[in-house]
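Heads up, the thing below is written out as structure tokens.
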Amino acid sequence: MSGTEVSAEQVGMLVLIGAPGAGKSTVGRRLANRLSLPFVDVDQLIEQTSGREIADIFATDGEATFRELERAATVAALAGSEEQVVSLGGGAPMTEAIAEALAPHHVVWLKVSPGAAADRVGLNVARPLLLGNVRSRLVSLLNARTPTYQRLADHVVETDDHGADDIVELIIEHRRELERR
Ligand SMILES: Nc1ncnc2c1ncn2[C@@H]1O[C@H](COP(=O)(O)OP(=O)(O)O)[C@@H](O)[C@H]1O
Ligand SMILES: O=C(O)C1=C[C@@H](OP(=O)(O)O)[C@@H](O)[C@H](O)C1
Ligand SMILES: [Mg+2]
């Protein structure tokens, strides 16, 4: 089956994309609990299957190796047939194979300003790309990635002024509206 075909039994997953610090992991986990659906956080999947932390993969093998592990884990998570919530890593949608794998699913872009994201992630060393001046790194990441997030998103949620639980409800309400159509 090519990346663009959807098997008959495949149902759309709820997939969260957005910059680091947008809340994909936090909101994804709560959203899955609220909907009683399985949850896959691709970063966690990479760490579980490789037995290594992401920061260590970056430091020891470099970003290219991480992106290869991320591509394989993300495509595998999106290829399943059961309905679930999947939270991607911030850089995943930049890969063409992943953009294709997202096509059959409901993609929610958690939009966040560089300032809000910087406040949230702080000096968290778990995000190697943000080492140094976190805010300016986020500005450049967002400048490079926003067009892709925008292109892939079926639903955009502004997160700066909403708590994670509010965002969960906004996503659920939007999904209900789609089901009523
Ligand atoms: N809507 C929000 N408002 C305030 N803080 C948030 C929000 N969403 C997530 N956070 C916090 O921001 C940090 C990063 O969240 P995380 O879910 O890891 O983001 P991502 O997976 O998109 O990088 C965590 O400390 C989390 O508790
Ligand atoms: O933006 C990125 O390129 C990355 C974001 C991280 O995930 P979160 O977006 O969940 O922090 C993680 O995949 C890795 O540090 C790379
Ligand atoms: Mg995350």
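Owing to the predicted nature of the structure, the values given are computational and were not obtained by experimental measurement. One-based numbering, in listed order, for ligands and for the atoms of each.
Near Lys24, with a cut-off below 4.0 Å to any heavy atom, the atoms of ligand 2 are 8 (P), 9 (O), 10 (O). Of all atoms in ligand 2, numbered sequentially from 1 with element shown, those under 4.0 Å from a heavy atom of Gly89 are 7 (O), 9 (O), 13 (O). Those atoms of ligand 1 with a heavy atom of Pro20 less than 4.0 angstrom away are 23 (O). If you number the atoms of ligand 2 from 1 as listed, the ones under 4.0 Å from a heavy atom of Arg67 come out as 2 (C), 3 (O). Ligand-side atoms of ligand 2 in range of Leu129: 2 (C), 3 (O), range being under 4.0 angstrom from any heavy atom. Within ligand 2, the atoms closer than 4.0 Å to a non-hydrogen atom of Asp43 are 6 (C), 7 (O), 8 (P), 10 (O), 12 (C), 13 (O), numbered from 1 in the order shown. Under a 4.0 Å criterion applied to the non-hydrogen atoms of Pro20, ligand 2 contributes the atoms 1 (O), 9 (O), 11 (O). Ligand-side atoms of ligand 1 in range of Ala19: 22 (O), range being under 4.0 angstrom from any heavy atom. Atoms of ligand 1 lying under 4.0 Å from at least one heavy atom of His162, given by number and element, are 1 (N), 2 (C), 3 (N).
Side-chain contact between Glu47 and Ile54: present, with at least one pair of heavy atoms (C-beta onward) separated by less than 4.5 Å.
Side chain of Lys24 to main chain of Gly18: a donor-acceptor pair is present (N/O by atom type, distance under 3.5 Å, no hydrogens or angles). The backbone N or O of Ser113 lies less than 3.5 Å from a partner atom in the side chain of Asp160, making a donor-acceptor pair. In terms of modelled atom types and a separation under 3.5 Å, the side chain of Thr60 and the main chain of Ile57 share no donor-acceptor contact. A distance-only check finds no donor-acceptor pair linking the side chain of Thr95 to the backbone of Ala97 [under 3.5 Å]. Here the side chain of Arg137 pairs a donor or acceptor atom with the backbone of Leu129 at under 3.5 angstrom. When atom types are taken as modelled, the side chain of His106 and the backbone of Asp154 share no donor-acceptor pair closer than 3.5 angstrom.
Leu142 and Tyr149 get closest at one heavy-atom pair: CD2-CE1, 4.4 Å. The two residues Phe39 and Gly28 have their closest heavy-atom pair at CE1-C, 3.4 Å. Between Val86 and Ala77, the shortest heavy-atom contact is CG1-CB, 4.3 Å.
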Before giving the answer on side-chain contact (heavy atoms from CB on, under 4.5 Å), spell out for Val108 and Ile17 the whole-Å C-alpha distance, their side-chain angles and the decisive distance to 0.1 Å. CA-CA 6 Å; Val108 183; Ile17 66 171; over 6 Å; no
List the steps, then state whether side-chain contact (heavy atoms from CB on, under 4.5 Å) holds for Leu141 with Leu130. CA-CA 9 Å; Leu141 282 182; Leu130 300 185; 3.7 Å; yes
side-chain contact (heavy atoms from CB on, under 4.5 Å) between Val42 and Ser87, worked out: CA-CA 6 Å; Val42 175; Ser87 290; over 6 Å; no
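Ligand 2 is never approached by Glu63 to a heavy-atom distance shorter than 4.0 Å. Not a single heavy atom of Gly18 sits less than 4.0 Å from an atom of ligand 1. Within the 4.0 Å heavy-atom shell around ligand 1 one does not find Gly90. Proximity of Arg145 to ligand 2 is established by a heavy-atom distance of less than 4.0 Å.
Here the heavy atom of the protein found nearest to atom 15 (O) of ligand 2 is Pro128 CD, 3.8 Å. Atom 11 (O) of ligand 2 has Arg127 NE, 2.7 Å as its closest protein atom, hydrogens excluded (heavy atom only).
Remark: ligand 1 and Ile167 share no N or O pair separated by less than 3.5 Å (distance only, no angle test). The shortest N or O to N or O distance between Gly23 and ligand 1 is below 3.5 Å. Among the atoms of Gly90, some N or O lies under 3.5 angstrom from an N or O of ligand 2. Considering backbone and side-chain N/O atoms, Val121 never comes within less than 3.5 Å of an N/O atom of ligand 1.
Contact annotation: for Ala116 versus ligand 1, there are no heavy atoms closer than 4.0 Å.
For the Mg ion (ligand 3), the N/O/S atoms of Ser25 include one lying under 2.8 Å.
Between atom 26 (C) of ligand 1 and the options Asp119, Asp41, Thr26, the minimum heavy-atom separation is to Thr26. When Glu158, Lys24, Arg127 are checked for heavy-atom proximity to atom 22 (O) of ligand 1, Lys24 turns out nearest. Around atom 13 (C) of ligand 1, the closest heavy atom drawn from Arg29, Gln44, Arg120 belongs to Arg120.
In this structure, Glu68 places its CD atom where more than 12 heavy-atom neighbours from other residues, nucleotides or ligands lie under 6.0 Å away.
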